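Read through the structure below, which is laid out as C-alpha cells, and then see the notes.
When reading the values below, keep in mind they use all heavy atoms of this one structure, side chains included, and skip hydrogens, waters and symmetry mates. Fair warning: this is a prediction, and the values are worked out from it, not measured in the lab.
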Amino acid sequence: MSVNKVILIGNAGKDPDVRYLDNHVCVANLTLATTDRGYTLQNGTQVPERTEWHNLVFWRGLAETVEKYVHKGDRLYVEGSIRNRSYDDQNGVKRYVTEIFVDNMEMLTSRTQQARPADTAPVPPVPPAVQPVQAPQPPQQPSDSGLPF
C-alpha cells in the first residue's frame with residue numbers, strides 16, 4: 001500500500017492561468033505560497049522566515065471554480081497528490097517540475113476581504129465604549145489612633 005497525499009494552506013501567488021483544451025476540459029494553474037515564520041533560538045540565533053512555492057493544477061469543475069473565484073493573495077486550503085514530470089526547454093535542457101494535482105479546495109478568504117481593493121488596509125473593528133467598574137470599597141473602621149499600644 002502507498003499514499004500520495006498533500007495538504008497545503010497558503011496564499012495564491014498570482015491570478016490563475018486558465019485554459020480550455022480541445023475537448024472543452026478546463027485546466028487551471030496557480031502558484032501557492034506557504035510560509036514558515038521566522039523565530040529566535042534560545043542562544044539568540046535568528047532563523048529567518050521561509051517561503052515555499054507550490055505549483056497547483058486544477059481540472060474540470062474545480063478549475064472553473066478557481067477561474068471564477070480565486071485571485072492573487074487569496075488564502076486557500078488544498079488537498080491533492082504530488083506529480084513529477086520533466087520536459088526539454090527551448091535550449092534542449094531537461095527541466096523537472098513538481099506539481100500538486102488538486103482534488104479538493106476550500107477558500108479561506110472571506111468575501112469582504114476579496115471585495116476590498118488590494119491597496120487598502122483592513123479597518124480593525126472599533127470596540128464598544130467600556131466604562132470602568134470600580135470594586136466596592138470595604139466599610140471603613142473607626143480610627144483607633146488615640147489608644148495607647
Side-chain angles (χ1 to χ4, degrees), residues 1-140:
M1 183 172 122
S2 63
V3 176
N4 182 353
K5 176 95 171 170
V6 177
I7 297 175
L8 298 170
I9 297 176
N11 295 80
K14 61 176 182 145
D15 286 340
D17 176 24
V18 180
R19 64 188 191 282
Y20 287 84
L21 305 179
D22 292 338
N23 55 358
H24 306 289
V25 172
C26 186
V27 180
N29 292 47
L30 180 69
T31 56
L32 188 79
T34 57
T35 302
D36 293 330
R37 290 185 177 210
Y39 56 92
T40 304
L41 298 174
Q42 287 181 345
N43 65 6
T45 303
Q46 298 254 337
V47 177
E49 177 178 278
R50 180 180 170 147
T51 300
E52 295 287 338
W53 289 93
H54 310 276
N55 298 312
L56 307 182
V57 180
F58 300 86
W59 287 92
R60 298 179 178 78
L62 197 52
E64 291 172 2
T65 301
V66 166
E67 179 181 28
K68 290 179 188 173
Y69 300 109
V70 175
H71 305 286
K72 179 180 179 179
D74 286 350
R75 194 147 181 83
L76 302 175
Y77 167 92
V78 295
E79 295 177 4
S81 58
I82 296 177
R83 302 244 181 124
N84 294 303
R85 65 181 174 88
S86 63
Y87 66 94
D88 293 330
D89 69 7
Q90 294 173 350
N91 299 325
V93 177
K94 190 170 209 101
R95 300 287 182 177
Y96 296 91
V97 179
T98 301
E99 298 170 317
I100 309 301
F101 276 53
V102 178
D103 301 322
N104 186 26
M105 177 192 71
E106 302 262 342
M107 296 186 62
L108 303 177
T109 303
S110 69
R111 287 185 179 168
T112 55
Q113 289 174 323
Q114 287 178 336
R116 185 180 64 240
D119 59 346
T120 61
V123 179
V126 178
V130 177
Q131 297 296 327
V133 177
Q134 293 193 7
Q137 299 294 325
Q140 291 198 1

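In this structure, Arg83 CZ and Asn4 CG are separated by 8.0 Å, a value rounded to the nearest 0.5 Å. With rounding to the nearest 0.5 angstrom, the CG atom of Leu30 is 12.0 Å from the CD1 atom of Ile100. Interatomic distance, CE of Met105 versus OH of Tyr69, reported as 10.0 Å (0.5 Å rounding). Residue Asp74 holds its CG atom at 4.5 Å from CE of Met107, rounded to the nearest 0.5 Å.
Counting non-hydrogen atoms of neighbouring residues, nucleotides and ligands closer than 6.0 angstrom, the CG atom of Asn23 exceeds 12 such neighbours.
The side chain to side chain donor-acceptor pair (under 3.5 Å) check on Asn43 picks up Thr45, with sequence neighbours excluded. Under the side-chain contact (heavy atoms from CB on, under 4.5 Å) criterion, Arg95 pairs with Tyr87, Asp89, Val93, sequence neighbours left out. Contacts of Gln42 classified as side-chain contact (heavy atoms from CB on, under 4.5 Å), with partners at least two apart in sequence or in another chain: none. Remark: Lys5 engages Glu79 in a salt bridge (charged side-chain N to carboxylate O under 4.0 Å, His left out) (not counting sequence neighbours).
Smallest separation of non-hydrogen atoms from Leu76 and Leu108: C-CD1, 4.1 Å. Annotation for Ala28 and Ala63: closest pair N-CB, 3.7 Å, computed over non-hydrogen atoms.
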Output a table of donor-acceptor pairs, distance under 3.5 Å, between side-chain atoms of residues 11-19 and any protein atom two or more places apart or on a different chain; print 'none' if there are none.
from: Asn11; atom 1: OD1; to: Arg75; atom 2: NH1; distance (Å): 2.9
from: Asn11; atom 1: ND2; to: Gly73; atom 2: O; distance (Å): 3.0
from: Asp15; atom 1: OD1; to: Lys72; atom 2: N; distance (Å): 2.8
from: Arg19; atom 1: NH1; to: Asn29; atom 2: OD1; distance (Å): 3.4

Distance-only check: which donor-acceptor pairs under 3.5 Å involve side-chain atoms of residues 54-62, not counting sequence neighbours?
from: His54; atom 1: NE2; to: Thr34; atom 2: OG1; distance (Å): 2.9
from: Asn55; atom 1: ND2; to: Thr98; atom 2: O; distance (Å): 3.4

